[in-house]
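All values below come from the heavy atoms of this structure, side chains included, with hydrogens, waters and symmetry mates left out. If you're wondering where the values come from, they're calculated on a predicted model, not measured in any experiment. Numbered from 1 within each chain, the chains take letters A, B, ... in sequence-line order.
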Amino acid sequence: MENSLIPFSTPLPSRRFLAIGAHALSNKMLELIAKLSLMQPVTVLDCGNRSNMYSVAKMIRPYTSDPVRVMCNIRLSRAFTCYQVLAMLQAVAANPPQEPLVVLDLLATFLDEDVELKDAQRLLDQSLALLTQLSDSAPVVISVRPIPLIAHQRAILLELLKNNVDVCWEEPLALQAAQQIQIPLFG
Amino acid sequence: MTFRGWLLDLYLNQEEGLTLWFIGEDDRRVCFRQAFPVSFYAAGPNEQLRALWKRVAGKKGVLGLSRRQKQDVFVADLVDVMQIDMDSPASQVSLFREIEAEFPDLTYYDADVTIGTRYMARHGVFPLALCELEVDGNQLIQSIRPLNTRWDLTPDLPPLRIFELKPDCDPNRGKVRLLLMRTDRFARHIPLDPAGDYLRLINEALADYDPDIFVTDWGDSWLIPFLNAQSEEKGIPLQLNRDATRPVRWQKETTYFSYGHIIYRPEEAHLFGRCHVDRKSSMMWSDYSLAGTLEMARVTTLPIEKAARVSPGQGISAMQVITALEEDVLVPYQKRQVEEFKSGMQLIQSDRGGMIYQPKVGLHMDVAQVDFVSMYPAVIIKGNISPEVPLPDLLDPAREELGVVPLTLKPLYQKRVEIKQKIRQYPPDHPMVATLKERANALKWLLVVCFGFLGYKNARYGRIEAHEAVTKGGREVLLRAKEVAEAEGFEVLHMYVDALWIKKKGCNRPEHFTDVISKINLYTGLTINLDGVYRWVAFLPSKTDARIPIANRYFGVFQSGEIKVRGLEARRRDTPIWIAAVQKQMIALLGQARTKAELSACIHEAFCFYYSSLEKLEKNLVPVDQLVINGKVSYALEAYKASTASVRAARQMEAAGMTIKPGMRIRFIYRKGEPDVFAWDLGKPIDPLEVNKPKYIELLAKAGSAVLAPFGISEALFREWSENRSIQMKFNQTLFN
């Protein structure tokens, strides 16, 4: 957990971080959530069904004698449509948390082809304004996956997001490839 | 004038509002029109609502604007809304499109409710409802009232005229030479002659017979496009619609995600004044046929053409909207309600599925299978689980007054139970039984999807916490059932979501299980039925590790001789017909055994059958079309990094100029050499000698070994024998050192 590939060191400053990588860097983001939850409360907004709390529980287990208390440091909600993403951010912004906010796979629902691109763009604009507002009181870490080929018309959404963060980190291609290569059994 | 008849079709017209077709009690087919003003609502900040008011006041089609307080299920208090009254559904649709683009941040209600659903909610009339109408001299309906309900067990149905038309072969595979035309009055084979006489014949038959239901095979994807193109090319008129003022309406092809599968639905041909049902596009046709389709249309109020084609989820959605409209609850256009915040611990505790108790692998004699009747719908009704109702304490409802979801499900659940009781009143070969079973199956599918729909992202009355409460209730029910069974001295061999497999020494007749079933009913408050008593049942292990049991992978024989198979190749859609048939026959041969002692002879017989099948394959005696694998592509082809057999076959089809869409079924055969697959739908013949026999031997060995595994024959051994007709004995070297 200490050798995280994402260049975020805790405690996080109050800024907007964006991490881009395969599978919205799920494992790394869950590590970050685990690490933060060991020290303080953390709010998680899951926009892509990525909040595998069993993984987080396993990650924290070696570092605490009270895993239930640590798991209760995590406060999370899931959104399954981009309308719900906006509604969820509005709900959070009404009572902004002072603790770090982690947004998992922010763009997943905005790629839904049932939602017209102009509507997705409008909803994302409003969501980003709320994230900016939230970053005034606490650090905001957002993860996304690269726009898949099948949704290339929506690449503009990722550009919009990149233009609205303070730090953008993209998983190097070499790292992505390395994850796909099986480690040889013998040296 | 007073008219009595059954509603067949209903659609929009630009003038009065609606066009309705009826089958009169006097067997006439009559068309009426009806004015149908509708309302929809907008909510949001006052300044935006004021701007909207100014924007729409006085616009064409707007009858009035007013402020109201209405109930949104996701909001505790009444919400302030602006009501917009429109003169017709057509003008409502066009105005809503305009204002949605201009005022996207407002919340809209009742804005996209289909016309059939609105009509049902207002007049209580549904497809094939018997109605009494008052009509004026201009054929305009002044009033309408239903004379039966959606929930009638044996409804008075009209004498439908059904006209079947289909090609003599699969048009994707071969050249169609004949069209087969059939009604209850005549049957004809019509050659596709170059002069186009077949068009005249079809046209005459349609005009003469005047069908209500036009049943086709490949009507959407081939037959109707072909007939229309030929009619235009040859200048021979073809009138498929009963409403002669309308052309065929085409609904766009679509790909969607449903229950873990990507599904492709081709373009659909819809008719006016009669209904087109394409058996090849009707996803549930094999389950419930025409009787089930009509039942689905009646209870869901979906048009018959739509009820035949769409997934049951759309039916449940329409029913929930009707309940909401009847209860004067707003129908949200976009659901914005989000999950309540949970802690990480709470998510682990709540986000679970159905209860599974892994089976005891192996062969078991005299086992009873008991199933809860539509368990999840029953839990929803009993626990009053609905998005707007506080969650129950396990199975005890938080309030008595039913919410939108249980209110919708209760009559549906009761109707299915009553139909099933009615089936039991007839002997199995009675002509009513098949129809009743098809109707019960249609209702079953509606009940099956209602649980998933609670957690579906786009469900208007979905809520993830309610979805989780259902599985929680289900787990509780199953645990209570297990406690009762064990307290009664039964051994629980397996539990799977809503079913238990139990056995007890000396219990091998249905009446031996009556007492435990009554006690489970009492202790859970839900109805559980005896599915049957198995002579024997075999629970299979994992293919990769024989020590690991696999849930819901078994086969067995009931005392009646009926065979039940789950999780085996024979149940998979992609298994070639011939391999599935061999596996089923092997099980059937084993099923002849009534006792453990008789099994060894049956195993020998099953093995001999397997051997003879293997020989048939090797001697090229298996028809090639029975070796076709029914694959699928779930994504656009360019998105695939690895190339599966289905993808390779799909690429061949694409290279031949065919369009491949995600969710499409791709049929192929494994062939020798390169390319290693042969796309079946290219329509070319394949030489049986080109078939990759070792590959099919491998598939057959897998299917055969699954059947014989419970008797101690391992898959590896079976495959080795199948490939070599001998088994190499492997000795442990250490024994000789």
Tell me if a side-chain donor or acceptor on Glu339(B) pairs with a main-chain N or O of Ala79(A) at a distance below 3.5 Å.
no

With a 4.5 angstrom heavy-atom cut-off, is it the side chain or the backbone of Glu116(A) that approaches chain B, or both, or neither?
neither

Any side-chain heavy atom of Asn458(B) within less than 4.5 Å of one from Phe80(A)?
no

Under 4.5 Å from any heavy atom of chain B, what part of Val70(A) do you find: side chain, backbone, both or neither?
neither

Working to the nearest 0.5 Å, report the span between NZ of Lys342(B) and CZ of Arg75(A).
13.0 Å

How long is the gap from CZ on Arg78(A) to CG on Asp351(B), to the nearest 0.5 Å?
4.5 Å

Let me know if Arg122(A) has heavy atoms under 4.5 Å from chain B in its side chain, its backbone, both or neither.
side chain

Taking all heavy atoms of Cys72(A) and all of Ser343(B), pick out the closest pair and write down the distance.
CA-CB, 3.9 Å

Is the count of non-hydrogen atoms from other residues, nucleotides or ligands lying under 6.0 Å from Ile156(A) atom CD1 greater than 12?
no

Can you tell me if Lys661(B) has over 12 outside heavy atoms packed within less than 6.0 Å of its NZ?
no

Residue part contacting chain B, namely of Leu86(A), when any heavy atom lies under 4.5 Å:
neither

Is it true that atom NZ of Lys162(A) has more than 12 heavy atoms of other residues, nucleotides or ligands lying nearer than 6.0 Å?
yes

Given heavy-atom pairs under 4.5 angstrom as the criterion, report whether the side chain, backbone, both or neither of Ser51(A) touches chain B.
both

Quick check for you: to the nearest 0.5 Å, what is the distance between Met71(A) atom CE and Leu347(B) atom CG?
8.0 Å

Contact winner vs chain B - Gln90(A), Glu113(A), Lys118(A), Gln126(A), heavy-atom pairs under 4.5 Å:
Gln126(A)

Counting heavy-atom pairs closer than 4.5 Å to chain A, which one of Gln337(B), Gln334(B), Glu638(B), Glu340(B) comes out on top?
Gln334(B)

To the closest 0.5 Å, what do you measure between CD (Gln346(B)) and CG (Leu76(A))?
9.0 Å

Please state whether the side chain, the backbone, both or neither of Asp114(A) comes within less than 4.5 Å of a heavy atom of chain B.
side chain

Looking only at heavy atoms, what is the nearest atom pair of Val44(A) and Phe341(B), with distance?
O-CE2, 4.3 Å

Sorted by chain and residue number, the side-chain hydrogen bond (donor to acceptor under 3.5 Å, both in side chains) partners of Tyr333(B) (sequence neighbours excluded) come out as Glu100(B)

Is chain B contacted by the side chain of Asp112(A), its backbone, both, or neither, given a heavy-atom distance below 4.5 Å?
side chain

